[in-house]
Number of protein chains: 2
Amino acid sequence: MSQTVDRALSILPLLAEGPASLEQVATRLDVHKSTALRLLRTLHDHGLVYRQQDQRYRLGARLFALAQQAVEALDIRGIAHPHLAALNERTGHTVHLAVYEQGEVVYIDKVESRYPVRMYSRIGRPVAITVAAVAKLLLADLPEPERRAVAEGLDYPRYTPRSTPDAAAFLAELARVRDQGWACDLGGHEESINCVGAPLHGPDGRVCAAMSVSAPNVVVTAEELLRLRPLILRTAEAIGAELSGVAGPSSRAAAPAAASPSVTKGATR
Amino acid sequence: MSQTVDRALSILPLLAEGPASLEQVATRLDVHKSTALRLLRTLHDHGLVYRQQDQRYRLGARLFALAQQAVEALDIRGIAHPHLAALNERTGHTVHLAVYEQGEVVYIDKVESRYPVRMYSRIGRPVAITVAAVAKLLLADLPEPERRAVAEGLDYPRYTPRSTPDAAAFLAELARVRDQGWACDLGGHEESINCVGAPLHGPDGRVCAAMSVSAPNVVVTAEELLRLRPLILRTAEAIGAELSGVAGPSSRAAAPAAASPSVTKGATR
DNA sequence: CGAGACGTTGCACAATATGCAACGGCCATT
DNA sequence: AATGGCCGTTGCATATTGTGCAACGTCTCG
């Protein structure tokens with residue numbers, strides 16, 4: 001491991017706590033001022049560190065730009081797909097992946113239980129937003145005012161007697177979903193079809209997608225389907241971990257002791 | 001400048017474009033594979049880089065955690081205050097700083113006018129949200145559904161004949177404010193008081209605060225006050241730049257307003 | 001006006017990063 | 001099933017590169 005780079009990178013979490021002077025940095029790194037200066041200069045040249053008027057250092061804009069760019073470059077579908085396929089393999093049921101976009105919830109991937117070749121059949125189509133498990137999960141994570149605004153702007157078609165009847169009922173359901181961290185649709189869209197779904201958390205901790213497992217009553221009862229919940233949640237967490245880029249099976253020694261786990265909300269079970 | 005660190009940091013923007021293999025990194029850095037490997041390992045140990053199953057590298061979770069932590073540690077008031085004081089010095093008028101929080105807009109700083117006539121406002125107190133320039137600026141940047149939800153949930157007191165009359169008028173005003181990148185309140189709260197305000201953009205590009213200059217008619221006419229607009233906007237940009245940590249060669253996407261990129265003063269030497 | 005604190009510079013030394021060459025696993029091709 | 005090529009990984013000798021030191025400059029405070 002490169003000592004120089006190691007030291008330089010150790011500066012970042014240090015500055016994340018708040019602005020620090022050259023000497024403070026040097027002291028906490030246990031190196032001489034001149035060394036710290038050169039490291040900080042290099043970080044500065046790359047925009048990762050910014051120098052205030054009072055000459056103290058802070059984290060810089062490039063850091064945010066990088067994080068943002070990385071999120072945008074994230075290929076949710078590509079990363080999730082193997083997991084979804086594995087889940088389909090184990091359960092045999094149809095697996096969906098969906099995202100929220102501009103007031104709509106759309107499927108972006110689907111693994112069909114019996115016809116793997118035709119699994120893109122309905123991708124891109126909007127979901128039955130008032131009843132689908134994935135829709136509930138995605139809407140439940142929106143900020144409160146937006147959530148209410150969307151809910152109140154929707155139609156509530158009575159697909160079945162179990163469909164969500166109105167905005168009030170929908171908002172109550174969203175609150176429940178938000179609390180429990182998973183969602184289901186038991187015959188709310190088509191009488192004989194049930195789904196169980198879980199949220200996918202992105203690097204920033206917010207729900208960036210949702211997945212669900214669907215099966216008709218004739219294959220498994222709702223009860224049996226709900227029994228898959230732990231498995232589904234575990235899959236969702238695994239995908240989330242991969243999206244966020246949490247260290248996998250690599251445990252190298254000699255890392256600075258302060259390497260604490262992510263500070264993102266939610267997924268910390 | 002430290003060559004080793006320089007090379008290591010050059011990897012980050014490269015990975016921000018998307019996942020890359022060891023060899024791709026080595027090639028683009030123009031170093032040998034073994035060197036690139038060591039650099040990547042160091043980055044990995046610090047969590048800035050994540051290794052996918054296919055062994056390609058991506059930016060890691062720690063980057064997001066750092067960015068988030070840095071935003072939270074930002075002391076908007078502390079950074080803005082000198083600029084606000086300078087603006088007050090030049091204009092002589094009252095300068096306000098405000099943020100949006102949970103459906104309310106509150107003042108978090110204020111530099112009093114040097115004229116005897118002062119206006120009523122207090123730090124920590126909610127702003128007259130339907131008319132104040134800072135409120136318009138902050139609400140105008142909210143996502144559309146939330147903005148509408150908030151606007152429709154408000155009361156519209158007729159402080160004066162020029163007060164915003166209803167939600168429709170308010171939303172129209174917000175749209176205008178959003179487009180033009182500044183806001184004013186001409187006698188909407190108190191008959192004889194005018195304000196001109198500008199938004200403060202945070203590191204993530206969103207409006208994180210707003211500032212305004214206020215003066216009573218008896219001191220300056222509305223026209224004269226509006227003439228201060230360029231100065232106010234420049235101040236707001238300067239604060240924004242400092243909040244973001246101005247970077248050297250990084251070209252940030254500017255706000256949708258036609259505002260030309262800020263002129264960064266010479267290298268800090 | 002002087003003392004102290006803090007950031008900055010140039011330099012000599014050796015510690016540290018570098019490139020090389022060889023190894024090993026994996027996949028696709030024959 | 002065998003083989004060649006691709007890619008990541010390792011150990012090592014070399015000298016490039018980073019390091020600590022001491023002195024200087026500047027600013028603030030007593």
Scoring nucleotides 14-19 of chain C by protein non-hydrogen atoms under 4.0 Å (B base, S sugar-phosphate only, - none) yields --SSBB
In whole angstrom, what separates [X]'s [atom1] from [N]'s [atom2]?
| X | N | atom1 | atom2 | value |
| --- | --- | --- | --- | --- |
| B:Glu23 | C:dC27 | CD | P | 17 Å |
| B:Leu22 | C:dC26 | CG | P | 17 Å |
| A:Gln24 | C:dG7 | CD | C1' | 13 Å |
| B:Gln55 | C:dG24 | CD | C1' | 13 Å |
| A:Leu29 | D:dG18 | CG | P | 16 Å |
| A:Gln52 | C:dC6 | CD | C1' | 16 Å |
| B:His44 | D:dG8 | NE2 | P | 15 Å |
| B:Asp54 | D:dC7 | CG | P | 13 Å |

Please determine, by modelled atom types, if A:His201 and A:Glu237 share a side-chain donor-acceptor pair under 3.5 angstrom.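 There is no such pair (donor and acceptor under 3.5 Å, judged by atom type) between the side chains of A:His201 and A:Glu237.
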Examine the side chains of A:Asp109 and A:His96 and answer whether a donor and an acceptor come within less than 3.5 Å of each other.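 A:His96 and A:Asp109 do not have a side-chain donor-acceptor pair below 3.5 Å.
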Is the backbone of [Y] close enough, under 3.5 Å, to the side chain of [X] for a donor and an acceptor to pair up by distance?
| X | Y | result |
| --- | --- | --- |
| A:Ser244 | B:Ala61 | no |
| A:Glu242 | A:Ile239 | no |
| A:Ser212 | A:Gly197 | no |
| B:Asn88 | B:His93 | yes |
| A:Gln24 | A:Ser21 | yes |

How bent is the helix from C:dC1-D:dG30 to C:dA14-D:dT17, measuring the angle between the end axes built from five pairs each, rounded to 10°?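 Roughly 0° between the end axes, to the nearest 10°.
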Under 4.0 Å between a Lys/Arg side-chain N and an Asp/Glu carboxylate O for A:Glu23 and A:Arg56?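 Looking at A:Arg56 together with A:Glu23, the answer is no, because their closest N to O distance does not fall below 4.0 Å.
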In plain terms, say whether B:Arg58 and B:Glu17 are close enough for a salt bridge, that is, a side-chain N and a carboxylate O under 4.0 Å apart.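 Not counted as a salt bridge, because no side-chain N and carboxylate O are separated by less than 4.0 Å.
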Using a 4.0 Å heavy-atom cut-off across all strands, classify B:Arg56 as base, sugar-phosphate, or nothing.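 The residue B:Arg56 makes no contact with any strand.
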